[in-house]
Amino acid sequence: MNCGVVVFPGSNCDHDVYHILKHVFGLETKWVWHKDRSLKGFDLVVLPGGFSYGDYLRAGAIARFSPIMDAVINYAEGGGRLLGICNGFQVLVESGLLPGALMRNRSQKFICKPVHLRLENHDTPFTLGTQSGAILKIPVAHAEGNYFADPETLKTMNEQGQIVFRYCNPEGTVSEESNPNGSSENIAGIANTRKNVLGMMPHPERCADPLWRDRDGQVIFKSLIKSYYS
Amino acid sequence: MVPFHPMLAKVHITLKNGVLDPQGKAIHSALNQLGFEGVSNVNLGKYLEITLDTMPEMEAKKKVREMCEKLLANTVIESYQITLVP
Amino acid sequence: MVPFHPMLAKVHITLKNGVLDPQGKAIHSALNQLGFEGVSNVNLGKYLEITLDTMPEMEAKKKVREMCEKLLANTVIESYQITLVP
Amino acid sequence: MAHFNSTEITPEIVAGHGLSPEEYQHILKLLGRTPNITELGIFSVMWSEHCSYKSSRRFLKTLPTEGPRVIQGPGENAGVVDIGDGFAAVFKIESHNHPSFIEPRQGAATGVGGILRDIFTMGARPIALLDSLRFGEIDHPKTPFLLEGVVDGISFYGNCIGVPTVGGEVYFDACYNGNILVNVFCLGLVKSDKVFLGQAAGPGNAVIYVGSKTGRDGIHGASLLASSEFDDTTEEKRPTVQVGDPFTEKLLLEAMLEAMKQSWIVGIQDMGAAGLTSSSFEMAGRSGTGIHLDLSKVPLREEGMTPYEILLSESQERMLLVVQQGFEQAAIDLFQKWDLDTAVVGRVIDEPIVEIEFEGENAVRLPVHLVVDSFPKKDKPTQKPAYLEKVNQLNLTQCALPESFGDALKKLVASPNIASKRFIYEQYDHMVRLNTLVLPGSDASVLRVPDTEKALAISADCNSRYCYLDPFQGAQIAVAEGCRNVVCSGAQPIGVTNCLNFGSPDKPEILWQFEQAVAGMGDACRFFEIPVVSGNVSFYNETKGEAIFPTPTISVVGLLDDQKRFCTQAFKQSGDRIAVLGSTLEELGGSEYLNTLLGLCEGPIPQLNLKAEKKVQSLCLELIRKGLLSSTHDCSEGGLAVALTESCITGDGLPIGARVDLDSTIRPDALLFGESQSRIVISFNKEHLASIQSLAKEYGVPISVVGETGGNSLCISIQGQECLQEEIHQLKQLYEESLKPDGR
Ligand SMILES: Nc1ncnc2c1ncn2[C@@H]1O[C@H](COP(=O)(O)OP(=O)(O)O)[C@@H](O)[C@H]1O
Ligand SMILES: [Mg+2]
């Protein structure tokens with residue numbers, strides 16, 4: 001399985017996800033510079049977290065026009081597996097590969113802390129290693145993670161199983177108190193209708209190294225491997 | 001010949017109706033806390049000043065509109081308004 | 001009696017001259033990369049719409065100026081401009 | 001004379017540059033002519049306290065700076081200490097106090113930017129930041145605004161550039177009402193044979209400018225601001241505030257690390273305070289060479305800038321490089337890949353002078369050593385302040401015991417200096433780059449060293465109330481506590497950096513505090529055999545003549561050989577035994593208890609016995625390395641009762657209670673809340689009791705087994721008689737919620 005990690009100017013979780021893919025899961029992993037124009041031969045492409053272009057103007061807004069993005073869009077439209085984490089998710093919504101928008105957190109502040117997520121759909125290549133309803137503890141670290149979509153879009157997304165993670169409490173209840181940033185319907189991660197593109201605000205790569213006690217993030221990477229080999 | 005005379009495009013970007021404005025809300029409650037009364041609503045948007053080389057107004061307007069659609073505004077949640085100052 | 005008639009204060013907040021505007025700079029170079037020519041400068045500021053209860057214009061202006069000084073603008077690096085729309 | 005240098009040098013102009021008439025006469029004598037306005041500007045910044053260390057040098061010289069691990073001591077951008085396996089730790093702490101008071105967000109942000117550049121100019125990748133903050137009283141009208149702005153600035157810059165802020169400290173005291181402190185520490189990693197220095201060697205080599213364009217930011221900013229105290233005219237003197245651009249700094253960081261893999265880089269220096277001036281003079285000064293610069297080549301952001309402005313600008317995110325002749329284009333290509341402004345602005349020359357031209361005319365011609373170290377060396381006097389007599393006479397018999405020890409504990413747990421700083425560190429990305437093994441919320445933060453089995457522990461400490469009451473011992477205690485914090489995480493202290501925040505050195509009493517604090521710090525570092533490898537001095541922390549408490553912030557770096565063997569402060573499970581290493585004396589002077597409950601700031605402060613401290617630390621390290629402990633927590637502000645509370649409630653999961661009986665006959669409030677030094681609260685599986693006791697005996701450390709973990713409350717009795725019992729959930733809530741802005 002060949003993985004590519006896209007580096008935008010200002011990406012800073014690029015090394016983290018590279019480390020997990022390459023050293024923890026032993027996958028063939030390569031850097032993709034934002035000025036490159038091809039994604040040939042990759043089975044997974046990751047848009048990592050960070051502050052591409054400083055998140056100036058709006059998070060993800062400028063990165064969306066990097067030279068590599070045409071290839072990213074083609075790759076996604078051709079069914080390639082594309083994972084956007086945090087800033088990567090922001091780039092995905094800015095580029096229109098995923099619906100909605102990510103606005104500033106309700107608290108107006110950057111938030112870095114572990115949160116609980118309820119898996120809403122295990123029928124995607126990113127989550128098939130576990131069951132819908134599973135509760136995962138994964139950290140968030142963002143200032144603009146407040147997911148917004150208009151009611152119609154939300155309705156379609158619900159119907160099509162596009163909502164993959166919601167913020168919940170440790171017992172799995174999705175409530176206002178467990179919503180860290182004000183997202184519509186506690187949405188933490190979504191997929192496109194075809195389920196080959198996933199965007200999520202929490203950082204699975206931050207809890208996937210066996211050196212740590214929290215390892216729930218491994219589910220995502222294990223699922224991707226499983227789906228590739230099946 | 002017209003001498004060189006740059007043109008200024010002022011762009012206002014605001015949230016669309018129906019999109020919650022958490023920043024505006026936060027500012028509103030901060031104003032209340034500071035004791036400012038009589039404020040019934042606050043909205044926060046962006047304001048851009050773009051200096052353009054001399055060009056016909058029509059062309060300038062078209063160009064700036066394109067900038068907004070493509071980059072400056074996120075039209076999923078934002079609308080924009082352009083004013084040209086020659 | 002004047003009927004209830006709120007007043008809108010539009011506030012523009014921009015960086016003072018000479019203060020670095022990293023966002024404006026980044027937007028400018030993004031526009032260049034997108035092929036927009038003839039842009040010589042971009043500055044990014046804030047735009048606020050504050051809805052006020054009915055009050056005399058003088059009072060409103062004074063109040064909004066105070067809000068700017070106290071909260072809305074960072075007067076060390078930013079200047080502000082207030083327009084009242086009755 | 002060139003038009004840009006036509007300003008006549010009058011006594012007013014000289015005074016306006018912060019130079020004394022005496023200093024100006026010295027310049028005339030050294031030069032044998034009148035300096036032009038640009039040259040005067042150069043002298044003014046280079047001879048300012050901030051750049052020249054003219055008042056502090058003679059004291060700093062006494063610090064121990066050497067040791068078997070030291071690769072680079074003070075004098076460069078940051079200190080470098082060998083950690084084995086081919087790696088070295090690079091670190092430094094720096095202040096940005098005055099700019100942060102004027103504009104908290106940008107002031108703190110550019111403070112982070114500055115210290116990061118100090119680290120990566122040495123060739124190191126920054127892996128962690130700590131912030132050590134001091135604000136005025138929590139109820140002072142300006143405090144919430146300043147606190148929010150400073151935290152926002154650190155969060156904005158550090159998060160954006162992708163270096164985790166993994167810990168720090170925050171104190172509130174009235175002495176900082178008009179002068180807050182923002183000290184930022186940065187730790188980086190470098191291959192030990194790839195350390196870069198700020199040198200301008202090799203005449204003919206190119207001097208290259210990289211980074212943001214130069215604007216009129218902060219002209220005379222840091223240097224003058226940091227060299228004069230605040231008064232009512234500060235508002236008018238406001239220089240153009242520097243705005244941080246973390247995105248450009250991120251590009252600069254990555255580009256520099258890439259460039260440093262090339263063979264053609266000779267030296268690198270960041271443009272910090274006094275910008276292009278200090279970077280060029282310092283680089284030339286270190287190599288005994290000279291520099292020729294053409295300012296017309298410097299990338300500018302504004303029109304009509306004069307040589308004076310270009311040389312003194314403090315625009316951020318800029319670097320000066322010396323590159324081997326012939327490799328100019330290679331350098332330019334590399335930096336353009338990262339979309340950075342780059343220009344060849346000069347050459348290294350043989351003659352040790354700095355020679356600057358602008359638009360084809362000569363602007364400056366000054367011998368390097370005249371500027372770098374020829375300021376008049378006159379030792380300013382020191383004098384022991386009179387207040388010390390008065391404040392060290394605490395009469396405990398006049399302090400009534402509290403009616404309820406439980407209430408006293410709750411007040412302490414909720415007090416701003418002790419309550420959780422979670423709402424602050426949750427605004428910092430403390431995990432990015434996957435090295436943070438111990439997150440904020442324990443005594444020290446622990447970072448793994450990638451590609452090795454090792455880890456580094458870091459902590460920032462200073463109890464300035466102690467330093468006010470007794471600067472010598474207060475500074476010793478800061479070192480001891482820093483080491484203790486690092487030891488509690490399982491690391492061996494290997495190096496120290498410090499940021500010395502004081503009032504005006506022109507006052508003999510302040511300089512005396514400084515002298516004492518440096519002596520105390522040096523003494524403790526010598527005793528613990530840890531070198532001071534870098535540091536920073538911030539004087540003139542005064543408002544309207546009132547100085548802050550002396551605040552010598554200490555950051556200790558410690559090394560763990562096995563990254564899996566770290567320890568944290570929270571109890572891990574019910575049924576563990578609890579013990580205290582060290583002895584508790586009747587010492588309440590200078591304590592948070594006296595301050596919070598009785599509003600007293602009086603000494604004498606707790607005694608520090610360096611030998612006893614060292615034994616406790618050695619024992620603790622040995623116990624952790626042997627894997628015998630479940631938790632370790634340094635006993636500091638709030639004493640034993642607060643330390644126990646924190647161990648109960650700061651774990652990841654549900655809080656764990658404890659039942660403790662203390663066997664002592666000293667005043668109960670001193671026993672519970674006194675801050676006797678050299679104590680560590682440990683917990684462990686009872687199977688290990690015998691081994692722990694015998695090791696304690698072997699190390700000569702008093703150990704008292706005081707209780708057991710478990711239950712839903714913290715229950716403390718003294719000689720069998722219960723003195724407090726509090727619900728841990730309630731303690732946790734008080735601890736977590738009290739400081740939160742919306743909790744207040
Ligand atoms: N300004 C800050 N930024 C980040 N973390 C902080 C800050 N202040 C305190 N902390 C964290 O909160 C915890 C408690 O701080 P403190 O009470 O100063 O610890 P100690 O008394 O053990 O030195 C530590 O882990 C520290 O790193
Ligand atoms: Mg402390």
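- A:Glu171 CD to A:Ser178 OG: the interatomic distance, rounded to the nearest 0.5 Å, is 10.0 Å.
- The shortest side-chain heavy-atom distance between A:Ile187 and A:Arg166 falls under the 4.5 Å cut-off.
- Using a 4.5 Å cut-off between non-hydrogen atoms, the part of residues 145-155 of chain D that approaches chain A consists of D:Glu148, D:Ser155.
- Neither the backbone nor the side chain of A:Pro114 has a heavy atom closer than 4.5 Å to any heavy atom of chain D.
- Ranking D:Leu251, D:Thr436, D:Leu253 against chain A, the residue ahead of the rest is D:Thr436, based on heavy-atom pairs under 4.5 Å.
- Interface remark: D:Leu437 contributes backbone and side-chain atoms alike to the contact with chain A (heavy atom separation under 4.5 Å).
- Annotation: side chain of A:Tyr167 is not in contact with side chain of A:Val174 (no heavy-atom distance under 4.5 Å).
- Heavy atoms closer than 4.5 Å to chain D are found in the side chain of A:Asp209, but not in its backbone.
- For D:Leu434, the parts lying near chain A are the backbone and the side chain together; criterion is any non-hydrogen pair under 4.5 Å.
- When heavy atoms are compared at a cutoff of 4.5 Å, A:Ser107 does not approach chain D at all.
- Closest approach of A:Lys35 to D:Gln336, counting heavy atoms only: NZ-O, 4.3 Å.
- Residue D:Leu456 holds its CG atom at 13.0 Å from CZ of D:Arg448, rounded to the nearest 0.5 Å.
- The contact list for residues 60-73 of chain A toward chain D, using heavy atoms and a distance under 4.5 Å, is empty.
- Annotation: A:Tyr53 is in aromatic contact with D:Phe247 [ring centroid separation under 6.0 Å].
- For the atom pair CG (D:Leu257) and CZ (D:Phe120), the distance works out to 7.5 Å, reported to the nearest 0.5 Å.
- Atom CZ of residue A:Arg81 and atom CG of residue A:Leu44 lie 8.5 Å apart, to the nearest 0.5 angstrom.
- When all heavy atoms of D:Leu340 and D:Gly211 are compared, the closest pair comes out as CD2-CA, 4.4 Å.
- For the pair D:Arg125 and D:Val190, the minimum side-chain heavy-atom distance is 4.5 Å or more.
- Residue D:Lys337 touches chain A through both its backbone and its side chain, counting heavy-atom pairs closer than 4.5 Å.
- Ring pair A:Tyr18/A:His23 is perpendicular by interplanar angle, where above 60° counts as perpendicular and below 30° as parallel.
- Looking at D:Arg422, there are no atoms closer than 4.5 Å to chain A (heavy atoms on both sides), in backbone or side chain.
- Between A:Asp214 and A:Arg206, no side-chain nitrogen of the basic residue sits less than 4.0 Å from a carboxylate oxygen of the acidic one, so the salt-bridge criterion is not met.
- A:His19 touches chain D through its side chain: at least one heavy atom from C-beta onward sits under 4.5 Å away, while N, CA, C and O do not.
- Atom-to-atom distance recorded for A:Cys3:SG and A:Trp31:CH2 is 12.0 Å, nearest 0.5 angstrom.
- The minimum heavy-atom distance linking D:Val163 with D:Ala128 is given by the pair CG1-N, 3.7 Å.
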